[in-house]
Structures are given as C-alpha cells and as structure tokens.
Amino acid sequence: MDRLNADCLLKIFTQLSITEKVQIETVCRRWYSVLQRYEAFNNIDTLDISKFLLYSTAEYYQQDNLNFEPMVVGLVSRVGPYLKDFSFGHSWERIGQPIIDALTEHCTQLKRVNFGATIMNASLDKLLEQVAPQLESLSLEDTGWIEAENRAEIIKHVKRLWRIKELNLRNALINLDCITELPEGLESLDISAIGSISIPALTHFFKCHQKLKKLTMSPLAQNLRDEYTYADVAGRTEPSEGEESLQTAIDALGTHGRALQSLKLGFIPHDTSSLSLEPLARLGNLRELTLETCQCLTHETLKQLARDVPCLTSLTIRDCPKLADYGAVAGMKALTSLHVEKTLQLCDEDLEAVAAQEKLQVLRTIGCINVTTKGINAVIQQCPLIELDVSKSVNIGDSCLRTLVETPNRCHLRILTLNSCPYITGKGIARLAHSPKTLAELRQLDVTRAKYVVNDTVLQLHTTLTHFWEEATPPEEPLICYCSHSSITPDIERMVSKTIELVF
Amino acid sequence: MAATTSTDMSTLNTALDKISNIKLKCKDGKLVTISKRIIRESEVLSHNFSVVDEVEQTIPLPDIHSTVMKQIVAFYDLIEDDSEYVPPSKYTDRPTKDHPGVGFFSNFTVEELQALTHACGYLDMPRLQDFILCHMIVDIIQDREIKEIRERGMMKTDYTPEEEAEFVKRHEAPIEVVQPQ
C-alpha cells in the first residue's frame, strides 16, 4: 500500500473515524505526515467529547481525570480547524484552562458551542473574544463555575453574540439585563433560574425580539421571585399603578410574542390578584406550552388559551394548585400531547372529553389521584396513543391493560409507564402477552415499585415475544423494562436478555 | 461527479451510437472490448474518443495493461447502477457489504488493488476508484492492530524501534482513551 499517493490515502482516511485516524499515525512516516494535513480531518465538523470517554462518565464526574485533558487537547488540535459544532455532551466533566486554550487556538470556525452541564475551571474570555460574533448557538446550561469572576465575564460577551439564534443560560447566576442587546434574529432563549433581570430589561427584550420562537423561564429569575415574597413579608402594598411589575413584562410578551411557538414558564409565586397570565392567550402561534408551579394559573386563563390559541398541540401543567378545573383542556382542538402532574383537580370527565377528539398521542397523568381506570380507558379506546404515563396513580388498576390488549388497532403504544401504581399487578402486565402485536410494538415498560409484578410475568412476556419474533423481523434493541423496587429479581436477567432488557 | 458536462454528454452519446464495438489497445498490444458505459464513466476515455480509429474502432491506451483493463470491464459488468455518481464524503457513506463488487474484489491482492487504483486514477473513473479505496482498502485498515495493517497492506515501518516506542508512549494516553463508546 506504500505506492498509493497522498490523495488516495486521504480518500481512504476520510472513511475512518477520528479514533482510527489517531491510531494509524503509527503505521509509517508517510501516513503520519498525510494525517497531519488538515484535509485528513476536514470531513469532521462535529465533536462530542462525551463519546470518547473511556468506560463511563462517572470516571470523569466533576474531577480532574489524568487522561481527560490530553485526550481533549489531542482531539481538538487535530480536528479543530474544521470544527463547527463542539459539545462536552452534558456529562459533568471538569474543564481546565488548557482545554479552553486549545479550543481558542485551533477552533476558529465554531458556530455551535455546548458547554452545558460541565464544571468550568477556566476563563472563557479569550475563546469568546474570538468566536462570539460568529456563534449561532451557545449553551451554558447549568454550567458550574469554580471562579465567580469567570462567570461574570460572560456578560460582556453576550452583547457580542451578533449572529446568535439559540442561547441557553439556564442557571447562570448573574444579572442578565444585557439580553436586550442580543440580535433581533434570536429564535430560542433559556433564562431559567438566572440570578436577576430587571422588569424594564425583560419588557424591552420582548419588544425588540419579535422573531423569538422558543422561550424558557422556569424557574423565574431569582429577583422576580423574591420581589413577590418580599412584598408579602414586609407588608408592603401592591405595586401602585405605573410601577413596573412582572405583569408589565407578561403583557409585553403577549403583545410582541406573535412568533412564539414554544413557551415554558414556571415557579411563579405571584397569586391571581398580583399576576394574570391571560396575555398568554394572545400568543396565537403557540404550539407547546408548559406551566409549572404557577400560583396564578386559573381556569379562566386556560379557557382563553383554548379559545384563542388554535394550534396548541402540546400542553404541560405541573403542580398548579389554583387551577380548579381542567374542563377547558377539551376545548383545545389540536392537542396531541397532554401532561398533567400533581393535581387533585383533573378527573375522568376531563379525560373523556379530551379522548372524544380522538387526537391524543401522548398522555401523562402523574400523581393525579382523581384520575381512575375509567378515564384512562376512554383515552386508550379512542386515541392513537404512542405514550402513556400514569405514574403515582392510586386509582389505576389492571383493567387499563385489558382495554389496551382488547383494542389493539387503535393504540400503538411505544412507551408505557406504570411507575408506583400500587394496583397494577403481575396478572395485569401478563395480559400484554395476550396481544403479541401490542407487546411487540412496546419499546419501554416501566413497572418500578410494582411489588406484585414478579419474575413469572417477565418470563411470560419473554415467551410471547420469542414466538412473535420467530416470524417477524425483531427490532434492533430489546424491550427495555424498568423494574427497580418491584418483585422482579436479577436471576432471570440472562434468561430473557434476548427480548427484554431489565433495568434495576 | 459527471464525467462530462450535459451538453458534452449528449454529443458524446450521439457519437457513441454510431459505433457498435469499441476496443482499447493496451500497453501489451492486446485489444480489450469495452462497453459504452465505461467510456461515459471515464473522463479520459470520453476525451480520447475523438482519436478513435474509425476503421478498426480502437482507442490507443499505451499506459494500462490489458489484465487490469479486463478487471475494470468485469467490475462494470457486475454493477447495474447507471445513475450519476456522487462521491462519498463521510465514513458512514461506505458501500454496503452485499455490494456485488465486494465478492469480486475479495480475492485480489493488495498489489492488484493498487494497480487498479492507479489505472482508475489515470482514466479518471471515480466510481471504481472510490469503491476500491473507500471499501476494499478501508477494510484492510479498519478495526485492526497496527502490526496487522502493515502485514495485510504489505508495508514496512520506517520508524526506528526507539522512535516507535517513543511515538507509542507519546500517544498512549489519547489513543487508549480515544475509544468511542
């Protein structure tokens, strides 16, 4: 092979992964010199460091691993110049200054950077100085900082993100009034749990970013949450007219957020008299809405949303205690995904009304104790469900599974979660074996804490699946069954491993 | 990558229609009959078509041995794909194992594959060249120890033992760690 010219060798090398390229540098001098040319790596524009970690991420979790730094620096120095997309893969590695310096030195074309879920022991100043104006996506989601001043340096660079489309600053414990200076073309912003932001800045941001498609503020910025609590504790009166409160910002969002398709708000302590979420009903293009722990969400707001937001397809309401009636959900004609968590107020009648529209594909009712088998059965019978989650439901029994098996043509369930449902038993789960087609379609089954689900149940499912896959093409992955704290024991893990992967 | 532009291609097709049986006169003087498709696939043959001897209907090809040319003809007989060729850019784009060419080339030595690669390079036939490089030769390299690559690829290392030891040591950490999950 030593007669092949450099062009031919490069063509061969483009077919190899980064790992293989590094390994074959040792073959001979010529290969080494060809591999040192930038073209040898020019077909790699994406690098996710987590894919190169040896064994498991636990080895690297928040600590200085001896191999980690040379590994990352080695990779970056080879593939850096062509890299457009860089990520640490959310695996909580501890990032030192030499790694960031290597990125600064070699990666001049970066467009998407994800430093989310890392422990940053370095200053990003020089790197951002170089790449901030060209970045289209930047994530510092939940990034932990060893030095507070390194975190504070981010602020001055936010102003220079001239081409940014997606920005995730979740849990950045700094003041983010600077977001007003982000470019108009911004499409996605996550400012959950940030240190602080002033109401005028937030209002102004909504006014000048009318192309925003996705906004996440859950939990709300610390100062906005405190504003309400302190007013209460200190016995101060409600803000007088003209004084800007969170309501001003929500009003601005309703007025200017016409392009918004996805909104997530949460942990808003304000009660109904100090904040109204009704302006959200003016967001006519909204498709996904998540509201969690909002003390101000009422039935009226939900009704207005149902009336004025015609294309809402996904609704998540988690722990909103002031919402006393979920009847309005049935008025959302385009709804395909409904997730309701931790409430007494959702009941069977509400689910029956939603089921009658025959559209629901995803239903999650977690910890909704007034939802019973009756409501769930209605949805199973009428909707093309692909995911059902009834975790922590004390009123759900085996008959749901019977309905599922008896109406096999309607639902094509891929994910079934029955976590902590005390009345789901092995007998019920074994019913799935009665309809091999339904069982074969299932990709995930969660029976965590189901103490009446035993080994025999799993063996029954295994036998059915084995027979079924003899005649059809089996899927690449076995059915994943989450069974910690159930009566299933690890002894049968090997026996069923061909069809079912047990996760304890 | 089209061998010629579309206008050239239509002129070429008209010219090709006039001739029934095209032969190449190889380095060893032997004649090899080729299909019209091979002419279309090769940039060089398409251009050389203008110098075809109208009486004998042969194209002179003094740089390629007839054995190699026959192997090229045999490969094109196996492949039915007549669509425009798009070169693979990423390592996921490799041809699949059930490709008819895999069986055909499986008994070839590295030397033979190398000679074919050079012939394809000379004739500018990217489809066959990429197939040999990106599939048959990559197969010799992929998932193998360095020693094995050298043996199978009939190569000798030009590193001194000390250099090699130093080299391996220097790269040990990244190489050992750089194992995708």
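Every chain is numbered from 1, with letters handed out A, B, ... down the list of sequences.
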**Asked** What heavy-atom pair brings A/Gln130 and A/Cys107 nearest, and what distance separates the two atoms?
**Response** NE2-O, 3.5 Å

**Item:** Segment of B/Gln129 engaging chain A (4.5 angstrom heavy-atom cut-off)
**Value:** side chain

**Message:** In this structure, is the centre-to-centre distance between the rings of A/Phe13 and A/Phe41 below 6.0 Å?
**Reply:** no

**Region of B/Leu113 that comes under 4.5 Å of a non-hydrogen atom in chain A** = neither

**Asked** So what's closer than 4.5 Å to chain A heavy atoms on B/Thr117: side chain, backbone, both or neither?
**Response** side chain

**Complete:** Heavy-atom nearest pair, B/Glu111 first then B/Met154, reads CG-CE, 3.7 Å

**Message:** Please give me the minimum heavy-atom distance between B/Ser106 and B/Met136, naming the atom from each residue.
**Reply:** N-CE, 4.0 Å

**Item:** Which atoms of B/Ile132 approach chain A - backbone, side chain, both or neither, heavy atom under 4.5 Å
**Value:** neither

